[in-house]
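Okay, structure first, notes after.
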Amino acid sequence: MSGIRKIAVLTSGGDAPGMNSAIRAVVFSAAHFGISVVGVLRGYDGLIDWETIPLEVEDVRNINNQGGTILFTSRCERFLQKEYREQAASNLKKNEIDAVVAIGGDGTLRGAIDFRQEGINIICIPGTIDRDVACTEYTLGFDTAANTATEAIDRIRDSSVSHGRCSVVEVMGRKRGYIALWAGMATSADAIVLPEKWDGNFDSITDAIKRRHADGRNSYLVVVAEGVTDAPELAERIREKTGIESRVSVLGYIQRGGQPTAKDRMYGSLMGAYAIEILNRGGKNRIVAIKNDVLIDYDITEAINLENNTLDSFQYELSLLLSE
Ligand code: ADP
């Protein structure tokens, strides 16, 4: 027996569709094993200030279809300081919490690694639309965000075809190009600009557009991941070099919200239940991950250095072929 009787669950960092399914599965699975659950509000801030709510099965029964996170989230600067992590740990000990399940992205994982030094058992679930947690091939929210971006770009493309323009659409992803790659391929983009591949050479994009223009095309779509290059600057370069009117759309936060897709609900449920399985077998300081579509887990400190999540070269090469 693992001896786990009471746990806390929280969501932290950028919100992501599917987090609610993970919370739901944590609560259902914990209840099944006689473990009680408190929900910590606003991520690591709620641990420091001890803002919590009891979570019973009835509280989470119908949250699968809700976007965002019922526990709210935050970027918590204080958690970077040891004194606040100590305060959070002391709150957990005072309230007899045996383990924490933290659902979040790369930053949340880094916070968890620091937090283990306070003697807290913390299990992480990767939840972020950016798919930027190195140890796992999937993070909750990516599928919904890629679908939202695809739908939005389809609409932008319609207008760009009608007017004979070039549309430059910036999507989210932090330092990863997955949303750009997937939404770009799905919408038949003429160029997809990815952080993993960007060499600062605008000419390859403008030359391709010029070539197509010479072949009689009159509308173009460029999908660019945030942070790679300045989207307005890219549009300006296209205008300068090709003479084609170029408009920028920054999709922004619409990619974070909305009803989770079936995939995000399913993976949220699987990952939430798996976190409880880890605790039941006595696991400490682990992160849930997906490898070859199978649930596995790693020690959180080891996980930060793993690279299971590099851009798939076949997908990338195909994106080039399909945008020729
Ligand atoms: P995400 O988890 O989506 O990547 P953030 O990068 O904002 O989002 O990280 C979430 C929170 O994790 C931060 O607000 C902070 O409280 C905590 N965190 C991030 N990096 C560290 C770190 N190196 N040490 C301690 N806590 C961290």
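One-based numbering, in listed order, for ligands and for the atoms of each.
Under 4.0 angstrom from ligand 1, there are no non-hydrogen atoms of Q81. Heavy atoms from both the backbone and the side chain of F79 come within less than 4.0 Å of ligand 1. Within the 4.0 Å heavy-atom criterion, neither part of T128 lies near ligand 1.
At a threshold of 4.0 Å, the pair R116-E118 does not count as salt-bridged, since none of the basic side-chain nitrogens sits closer than that to a carboxylate oxygen. At a threshold of 4.0 Å, the pair R42-E51 counts as salt-bridged, since one of the basic side-chain nitrogens sits closer than that to a carboxylate oxygen. Checked for salt-bridge contact, D106 and K175 miss the test: no charged N lies under 4.0 Å from a carboxylate O. Ion pairing between R281 and D297 holds under the 4.0 Å rule for side-chain N and carboxylate O. Ion pair R176/D132 not flagged as a salt bridge, since none of the NZ, NE, NH1 or NH2 atoms sits closer than 4.0 Å to an Asp/Glu carboxylate oxygen. A salt bridge is defined here as a Lys NZ or Arg NE, NH1 or NH2 lying under 4.0 Å from an Asp or Glu carboxylate O, and E236 with R239 meets this definition. Note on R211 versus D215: no salt bridge recorded, every NZ/NE/NH1/NH2 to OD/OE distance being 4.0 Å or above. Ionic pairing of D59 and R24 is not present here: no N-O contact between side-chain nitrogen and carboxylate oxygen is shorter than 4.0 angstrom.
For the residue pair N64 and S21, a side-chain donor N or O sits within less than 3.5 Å of a side-chain acceptor on the partner.
Counting protein heavy atoms only, atom 11 (C) of ligand 1 is closest to S12 OG, 3.7 Å. Of all protein heavy atoms, the one lying nearest to atom 25 (C) of ligand 1 is D114 OD2, 3.2 Å. For atom 15 (C) of ligand 1, the closest non-hydrogen atom on the protein side is C76 O, 3.4 Å. Protein heavy atom closest to atom 26 (N) of ligand 1, with residue, atom name and distance, is G111 CA, 3.2 Å. The protein heavy-atom contact nearest to atom 2 (O) of ligand 1 is T108 OG1, 2.6 Å. Given atom 22 (C) of ligand 1, the protein heavy atom at minimum distance is L80 CD2, 3.5 Å.
Closest heavy-atom approach to atom 17 (C) of ligand 1 within the set G107, G105, G14, G104: this belongs to G107. Taking each of R75, R110, R78 in turn, the one with a heavy atom nearest to atom 7 (O) of ligand 1 proves to be R75. When the heavy atoms of E77, K82, R174, R85 are ranked by distance to atom 6 (O) of ligand 1, first place goes to R174.
Considering backbone and side-chain N/O of Y44, none are found under 3.5 Å from N/O of ligand 1.
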